[in-house]
Amino acid sequence: FVYSSTFCTMKLSKVTVLTILAFLISAPLFAQFNSLMRKANKEYELHAFNQAIETYKEALQRRPDDPEALGNMADCYRQLNEMVEAAKYYARSIAQKKVEARHLLNYAHVLKALGQYDEAKRWYLEYAKDDPMVGNHYAQTCDFAKNQQQISTGLLVSNENKVNSPASDFGPTFVQGQI
């Protein structure tokens, strides 16, 4: 009985030592992540989106599934009009449990900008659970956009190579039925 008690104490002390060791290793990583997030969020607030993206990438190396970092990084890409990249990071962000509702709305906006109206509508309706007026309104815009795709404009767009010059052209003029 004494032997097993000593064995349990020894086993308990190994678990305690391993727990303390794990804490000592993870504490600096947690502090680094928080420091990177503060820096990235400040860059985001200052609208330095390119810099914020790089800092969020560093933070995500330490915590790959952080919903705030993923969502804010997606916002940065959206602000830079890089919709495909924005969609990738919004998709990762909304897969997390603690996603902000604004990221759902922005994800839907990005999907709509990419012409993915059915998927955008799905996320607008999900957002409508938090804000029914806004979410349902935007869901209707997806239906409208889909209907407009079916309507012909009657216009033909063509590239007029002979009109463009190497300089900055502005304000074409029609003379005798030609540009």
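- The two residues I53 and M73 make their nearest non-hydrogen contact at O-SD, 4.0 Å.
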Using residues 140-147 as the side-chain source, report each donor-acceptor pair under 3.5 Å to any protein atom, sequence neighbours left out, with the distance given to one decimal.
{"unit_1": "T141", "atom_1": "OG1", "unit_2": "K112", "atom_2": "NZ", "d": "2.9"}
{"unit_1": "T141", "atom_1": "OG1", "unit_2": "Y138", "atom_2": "O", "d": "2.5"}
{"unit_1": "D143", "atom_1": "OD1", "unit_2": "K121", "atom_2": "NZ", "d": "3.1"}
{"unit_1": "D143", "atom_1": "OD2", "unit_2": "K121", "atom_2": "NZ", "d": "3.1"}
{"unit_1": "K146", "atom_1": "NZ", "unit_2": "D118", "atom_2": "OD1", "d": "2.6"}
{"unit_1": "K146", "atom_1": "NZ", "unit_2": "D118", "atom_2": "OD2", "d": "3.4"}
{"unit_1": "N147", "atom_1": "ND2", "unit_2": "D143", "atom_2": "O", "d": "3.3"}

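- Q96 and D66 are not linked by any side-chain donor-acceptor pair at a separation below 3.5 angstrom, with hydrogens and angles left out of the test.
- Looking only at atom types and distance, the side chain of D75 has no donor-acceptor partner in the side chain of Y56 under 3.5 Å away.
- Both the sub-6.0 Å distance and the 45° axial angle are not jointly satisfied by R62 relative to the ring of F33.
- The two residues C76 and A52 come nearest to each other via the heavy atoms SG-CB, 3.8 Å.
- Nearest heavy atoms, P67 versus S93: O-OG, 3.4 Å.
- Cluster annotation: W123 is connected to V84 through the hydrophobic network of ILVMFWY side chains, with a link wherever side-chain heavy atoms come within less than 4.5 Å.
- The NE2 atom of H103 lies 11.0 Å from the CG atom of L105; values are rounded to the nearest 0.5 Å.
- Here the straight-line distance linking atom CG of L60 with atom CG of L36 works out to 10.0 Å at 0.5 Å rounding.
- Remark: the R78 side chain and the Y90 side chain contain an N/O donor-acceptor pair separated by less than 3.5 Å.
- Between Y107 and H109, the gap from one ring centroid to the other reaches at least 6.0 Å.
- Without hydrogens or angle criteria, R92 side chain to P64 main chain gives a donor-acceptor distance under 3.5 Å.
- One finds the CG atom of L104 at 12.0 Å from the CG atom of D131 (value rounded to the nearest 0.5 Å).
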